[in-house]
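Okay, so here's the structure we're looking at.
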Amino acid sequence: MKSRLLELKQKKPIASFYMNREEPDAMRVGYVTAVNDEHFVLMQIGRYGGFDGYLLKACNRLLRVDENGIYERKIKALQEHYQTQAAFLDFPGANLPLELLQYALDNRLVVSVELLESGRTDIQGFAEELSDELCVFRILDDFGRDDGSTTCYLSDITEVLCNSLDEANVKALHEMRFS
């Protein structure tokens with residue numbers, strides 16, 4: 001699948017990505033912006049044509065990729081209608097989890113992190129310290145409130161969602177000091 005992802009990165013078509021064995025009809029739509037041997041980064045476009053963050057996923061979790069279907073054409077048309085623009089993050093690709101987390105740290109963006117293919121968000125908040133081995137996060141709850149910090153191994157991270165609508169809302173609530 002890596003060769004297909006590299007082709008999608010180069011040609012930049014919008015596509016649907018199926019990655020959930022438990023829910024085979026569930027998919028994410030967007031553009032491949034980075035690929036290496038283990039991971040890829042998807043710039044997501046939401047169902048109404050708006051930017052919906054960046055998703056890092058393991059290549060081996062990808063079940064199928066659809067492109068040029070009616071759904072992809074619909075999302076592309078909405079994206080163009082609303083003039084949705086976002087940066088195609090082009091990381092060097094040596095360590096995509098670290099590179100995406102560094103982008104989030106540098107731009108003060110909220111991330112949601114899955115550990116060890118748990119199938120859920122294990123960590124939500126700001127990246128605070130990053131190394132090739134460990135990551136420290138400032139945890140935020142769904143209302144944007146501080147909830148301490150946590151440290152995990154970088155190698156245990158199996159998914160990162162950065163600046164999607166959910167994370168952007170948590171950040172906004174945090175900045176408003178909502179309680």
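What you are looking at is a predicted structure, and each value in this text was computed from that prediction instead of being measured.
- Atom-to-atom distance recorded for L161:CG and T121:OG1 is 7.5 Å, nearest 0.5 angstrom.
- Sorted by first and then second residue, the side chain to side chain donor-acceptor pair (under 3.5 Å) pairs involving residues 157-172 (not counting sequence neighbours) are K57-E159, S112-E167, E114-T158, S164-E167.
- Applying the salt bridge (Lys or Arg N to Asp or Glu O under 4.0 Å) criterion to D132, with sequence neighbours excluded, gives no partner residue.
- Between H39 atom NE2 and N60 atom CG the span is 8.0 Å, to the nearest 0.5 Å.
- Legend: residues meeting ring pair (Phe, Tyr, Trp, His ring centres under 6.0 Å) with F51, ordered by chain and number and at least two apart, are Y54.
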Query raised in the report: Please walk me through it: do E72 and K76 pass salt bridge (Lys or Arg N to Asp or Glu O under 4.0 Å)?
Result: CA-CA 6 Å; E72 293 82 21; K76 179 72 173 170; over 6 Å; no

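- For F126, the ring pair (Phe, Tyr, Trp, His ring centres under 6.0 Å) partners at least two apart in sequence or on another chain are H174.
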Report task. Any chance you could lay out the salt bridge (Lys or Arg N to Asp or Glu O under 4.0 Å) test for R120 and D122, step after step, and finish with the verdict? Result -> CA-CA 6 Å; R120 66 177 185 277; D122 296 294; 3.3 Å; yes

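- F137 and V160 end up in the same hydrophobic cluster when Ile, Leu, Val, Met, Phe, Trp and Tyr side chains are linked at under 4.5 Å.
- Using a 4.5 Å heavy-atom threshold, the side chains of V41 and L56 count as touching.
- In this structure, the ring pair (Phe, Tyr, Trp, His ring centres under 6.0 Å) partners of F88, at least two apart in sequence or on a different chain, are Y31.
- Just one of L98, T33, L96, V35 meets the side-chain contact (heavy atoms from CB on, under 4.5 Å) condition when paired with F91; it is L96.
- A single hydrophobic cluster is not seen to contain both L173 and L140; linkage of ILVMFWY side chains at heavy-atom distances under 4.5 Å, directly or through other members, places them apart.
- In this structure, OG1 in T151 is found 9.5 Å from CD in E128, a value given to the nearest 0.5 Å.
- Judged purely by distance below 3.5 Å, without hydrogens or angles, the side chains of Q124 and D142 pair a donor atom with an acceptor atom.
- Using a 4.5 Å cut-off between side-chain heavy atoms of Ile, Leu, Val, Met, Phe, Trp and Tyr, with links allowed through other members, I139 and V111 fall into different hydrophobic clusters.
- Considering SG of C59 and NZ of K2, their distance stands at 8.0 Å, rounded to 0.5 Å.
- Judged by distance alone, with hydrogens and angles left aside, the side-chain atoms of Q79 form no donor-acceptor pair with the main-chain N or O of I75 at under 3.5 Å.
- Cluster annotation: Y18 and V65 are assigned to distinct hydrophobic clusters (Ile/Leu/Val/Met/Phe/Trp/Tyr, side-chain heavy-atom contacts under 4.5 Å, transitive).
- F17 pairs with exactly one of D66, L42, L63, L55 by the side-chain contact (heavy atoms from CB on, under 4.5 Å) rule, that one being L42.
- A side-chain donor-acceptor contact under 3.5 Å links R73 to the backbone of N68.
- Nearest heavy-atom pair, L78 versus G49, reported as atom, atom and distance to 0.1 Å: CB-CA, 3.8 Å.
- Checked by atom type and distance alone, the side chain of K12 pairs as donor or acceptor with a backbone atom of K9 at under 3.5 Å.
- Of the N and O atoms on the side chains of D106 and Q102, at least one donor lies less than 3.5 Å from an acceptor on the other residue.
- The minimum heavy-atom distance between C135 and L101, with the atom names listed, is SG-CD1, 4.0 Å.
- The structure places CE of M19 at 10.0 Å from CE of M27, a figure rounded to the nearest 0.5 Å.
- Separating the CZ atom in R28 from the CE atom in M43 is a distance of 14.5 Å, to the nearest 0.5 Å.
- Using a distance-only test at 3.5 Å, with no hydrogens or angles considered, a donor-acceptor pair links the side chain of D141 to the main chain of F143.
- Across all their heavy atoms, L109 and C162 have their closest contact at CD1-SG, 3.9 Å.
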Requested in this report: Check step by step if side-chain contact (heavy atoms from CB on, under 4.5 Å) holds for L115 and I157.
Outcome: CA-CA 5 Å; L115 300 174; I157 294 175; 3.8 Å; yes

Report task. For side-chain contact (heavy atoms from CB on, under 4.5 Å), just list the numbers for L62 and L5, CA-CA rounded to whole Å, side-chain angles, deciding distance to a tenth of an Å, and then say yes or no. Result -> CA-CA 10 Å; L62 191 55; L5 290 167; 3.7 Å; yes

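- Every residue meeting the side chain to side chain contact (heavy atoms under 4.5 Å, CB included) condition with L116, not counting sequence neighbours, appears here in chain and number order: D156.
- Across all their heavy atoms, L105 and A127 have their closest contact at CD1-O, 2.8 Å.
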Query raised in the report: Between R47 and Y71, does a side-chain contact (heavy atoms from CB on, under 4.5 Å) hold up when you go through it step by step?
Result: CA-CA 9 Å; R47 65 184 184 165; Y71 190 76; 3.7 Å; yes

Report task. Determine, stepwise, if the pair E133 / L154 fulfils side-chain contact (heavy atoms from CB on, under 4.5 Å). Result -> CA-CA 5 Å; E133 184 181 357; L154 178 65; over 6 Å; no

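- Both V113 and L100 belong to a single network of hydrophobic side chains, linked directly or stepwise wherever heavy atoms of I, L, V, M, F, W or Y lie under 4.5 Å apart.
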